[in-house]
Amino acid sequence: MCGIVGAVAQRNIVPVLIEGLRRLEYRGYDSCGVAVLANGEPRRARSVARVADLDDQVRDTRLAGATGIAHTRWATHGAPVTDNAHPIFSRDTLAIVHNGIIENYETLGEVLRGKGYEFVSQTDTEVIAHLIHSLYRGDLFAAVREAVQQLHGAYAIAVLHKDQPHTVVGARQGSPLVVGLGDGENFLASDALALAGSTDRFIFLEEGDVCELKLDGVRIADRDGQPAQRDVRQVAAYGGAVELGPYRHFMQKEIFEQPRAISDTIPQADGFDPSLFGEAAPKVFGKIDSLLILACGTSYYSGLTAKYWLESIAKIPTQVEIASEYRYRDSVPNPNALVVVISQSGETADTLAALKHAQSLGHQHTLSVCNVGTSAMVRQTEFTFLTHAGREIGVASTKAFTTQLVALFVLALTLAKVRGHLSAAQESNYLKQLRHLPAALNSVLALEPQIIAWSEEFSRKENALFLGRGLHYPIALEGALKLKEISYIHAEAYPAGELKHGPLALVTEAMPVVTVAPNDALLEKLKSNIQEVRARGGQLYVFADSDTRIVNAEGLHVIRMPEHYGLLSPILHVVPLQLLAYHTACARGTDVDKPRNLAKSVTVE
Ligand code: AGP
């Protein structure tokens with residue numbers, strides 16, 4: 001989604017800004033731009049193509065300057081056209097880049113029009129540009145501080161002004177912004193990753209902060225306008241560009257990285273101790289009486305899977321909610337509940353807002369399951385369990401999902417132990433199963449050639465149904481999401497028992513029905529559901545555990561899963577669904593890693 005980079009230096013900063021945008025590209029965007037102060041005037045280049053195109057423009061026009069800001073835009077207000085691409089100017093004196101959404105832009109716009117400001121874009125951002133311009137009296141820092149008081153919504157901004165060389169002012173509320181500290185130069189970005197190679201010393205700005213970058217230092221004011229000291233953190237984890245290696249797409253690479261990612265996420269310890277989640281967890285976990293899980297998209301499906309584990313192993317009541325729904329409905333808070341937010345990025349606006357909402361309702365105990373240790377979500381929760389998926393580039397989440405499942409399984413076992421529902425023998429047995437998971441996953445990945453054969457047929461379909469039961473219903477949901485987001489085939493998932501309550505009407509020869517069939521307690525029920533589809537001429541594609549006795553027949557295509565994996569089976573069964581979506585998308589020729597209209601990190605509501 002939208003990305004910001006800014007810098008003040010004593011050298012031409014354009015290459016640093018462009019490199020920063022390149023590092024943010026994987027998050028998804030539809031236009032990009034850069035502005036610098038060149039001979040005391042703001043000059044910019046903007047493109048509705050890729051950052052590489054912007055780079056060409058910059059070289060062709062010899063755009064150079066020592067103070068600059070840059071942006072990748074994911075359109076919200078106004079189409080992805082050049083006029084709406086950032087940086088946005090106000091009266092050719094001030095330039096701004098903005099992530100987020102300003103909710104009161106219409107009201108502010110009317111006032112500014114009354115003052116003679118002319119609007120040339122359809123963006124909400126232009127309102128901020130003119131507002132700051134209207135408040136500028138020779139001090140950009142002061143003007144930005146005054147302006148943000150009038151903004152409603154979520155934003156991270158970076159601003160420069162022609163009369164203030166070597167100055168970039170930033171502000172954040174609801175969208176992340178980080179300061180990078182250099183020697184005689186300083187940087188600003190929406191993600192520390194953008195500044196890899198320029199610095200490893202960062203200040204993660206807090207909600208309401210306004211900062212001013214100069215050559216020799218950075219000053220920060222908090223939401224009340226008071227000078228604020230923020231910790232400087234050394235973050236060495238941001239390496240160079242991630243290589244594709246022998247893979248065709250990052251998504252494929254990430255699917256095949258799952259054995260390693262899972263092995264890195266499984267705790268080294270010989271048992272499930274609450275201290276895995278934070279120092280104070282042993283005290284708190286004993287007191288909590290329920291869980292409230294909040295997440296979006298794929299992360300929501302990992303929460304749905306976890307509900308089965310938490311209620312059956314730890315016997316703890318668990319509620320799972322889509323973050324964007326939870327934050328806007330009246331709910332009954334329970335101060336003894338543990339609120340668990342799940343997120344790959346840790347920056348998803350809806351999940352962050354839901355967390356804040358839960359806290360405002362009086363929920364005191366919060367845990368994040370997250371893949372980014374420096375993210376806002378990790379910083380805003382009491383406890384954390386980090387997944388070690390490594391950077392996920394493909395928009396379609398794969399290794400982040402399976403490592404979340406591992407984390408949540410560990411949480412279920414930990415709570416089971418704390419609550420007296422886990423014997424020492426069970427604990428060591430589960431630990432063994434977890435440790436064997438990477439090997440089991442490798443056997444599943446070896447099914448790729450069989451899945452490629454199916455994907456050829458799938459690529460000619462426009463609809464698909466996914467069925468699962470119990471623990472595997474969320475896996476069917478995840479399989480359908482994967483297929484629709486990257487192949488653009490319409491796919492829906494149902495608990496198999498629901499088929500006869502409606503979706504069976506859709507079943508014809510043209511409708512592939514994908515079924516996840518582990519050899520669990522619900523197998524016989526699932527077999528009956530399979531017969532319901534066959535009786536109506538439907539085409540079934542079943543991923544069946546080897547001992548299920550489901551075999552190939554007319555209208556029934558079966559791929560055998562290597563072994564039944566008990567409660568951990570969802571982690572294995574989702575992998576062929578990822579591969580099916582991936583190869584179907586490849587066969588349809590879509591942009592697998594950057595599917596249309598989607599962004600990796602959804603930082604707006
Ligand atoms: C997954 O394939 C999706 N691209 C999407 O649903 C994603 O899981 C969702 O936006 C949540 O992101 P998060 O895990 O970073 O919070």
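Remember, it's 1-based here, ligands and their atoms both numbered in the order they're listed.
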Considering only heavy atoms of [X], which atoms of ligand 1 have at least one such atom less than 4.0 Å away?
{"X": "Ser343", "answer": "13 (P), 14 (O), 15 (O), 16 (O)"}
{"X": "Ala396", "answer": "2 (O)"}
{"X": "Ser397", "answer": "1 (C), 2 (O)"}
{"X": "Gly297", "answer": "6 (O)"}

#### Entry: Side-chain donor or acceptor of Thr305 paired with backbone N/O of Tyr301 under 3.5 Å
yes
Which residue holds the protein heavy atom closest to [atom], what is that atom called, and what is the gap in Å?
{"atom": "atom 4 (N) of ligand 1", "answer": "Val395 O, 2.9 Å"}
{"atom": "atom 10 (O) of ligand 1", "answer": "Val602 CG2, 3.9 Å"}
{"atom": "atom 15 (O) of ligand 1", "answer": "Ser345 OG, 2.7 Å"}
{"atom": "atom 9 (C) of ligand 1", "answer": "Cys296 O, 3.7 Å"}
{"atom": "atom 12 (O) of ligand 1", "answer": "Thr348 OG1, 3.5 Å"}

### Query
Looking only at heavy atoms, which two atoms of Glu382 and His365 are closest? And how far apart?
OE1-ND1, 2.9 Å
### Query
Quick one: does Ile342 get an N or O within less than 3.5 Å of an N or O on ligand 1?
no
### Message
Looking only at distances, can you tell me whether any N or O atom of Thr298, backbone or side chain, sits closer than 3.5 Å to an N or O atom of ligand 1?
### Response
yes
Between [X] and [Y], do the side chains contain an N or O donor and an N or O acceptor separated by less than 3.5 Å?
{"X": "Tyr541", "Y": "Glu457", "result": "yes"}
{"X": "Asp593", "Y": "His249", "result": "no"}
{"X": "Glu448", "Y": "Gln252", "result": "yes"}
{"X": "Thr348", "Y": "Ser345", "result": "yes"}
{"X": "Ser47", "Y": "Asp53", "result": "yes"}
{"X": "His357", "Y": "Gln359", "result": "no"}
{"X": "Thr403", "Y": "His388", "result": "no"}

### Task
Just let me know how Glu485 lines up against ligand 1, side chain, backbone, both or neither, with a heavy-atom cut-off below 4.0 Å.
side chain
#### Entry: Close approach, Lys482 and ligand 1, non-hydrogen under 4.0 angstrom
yes
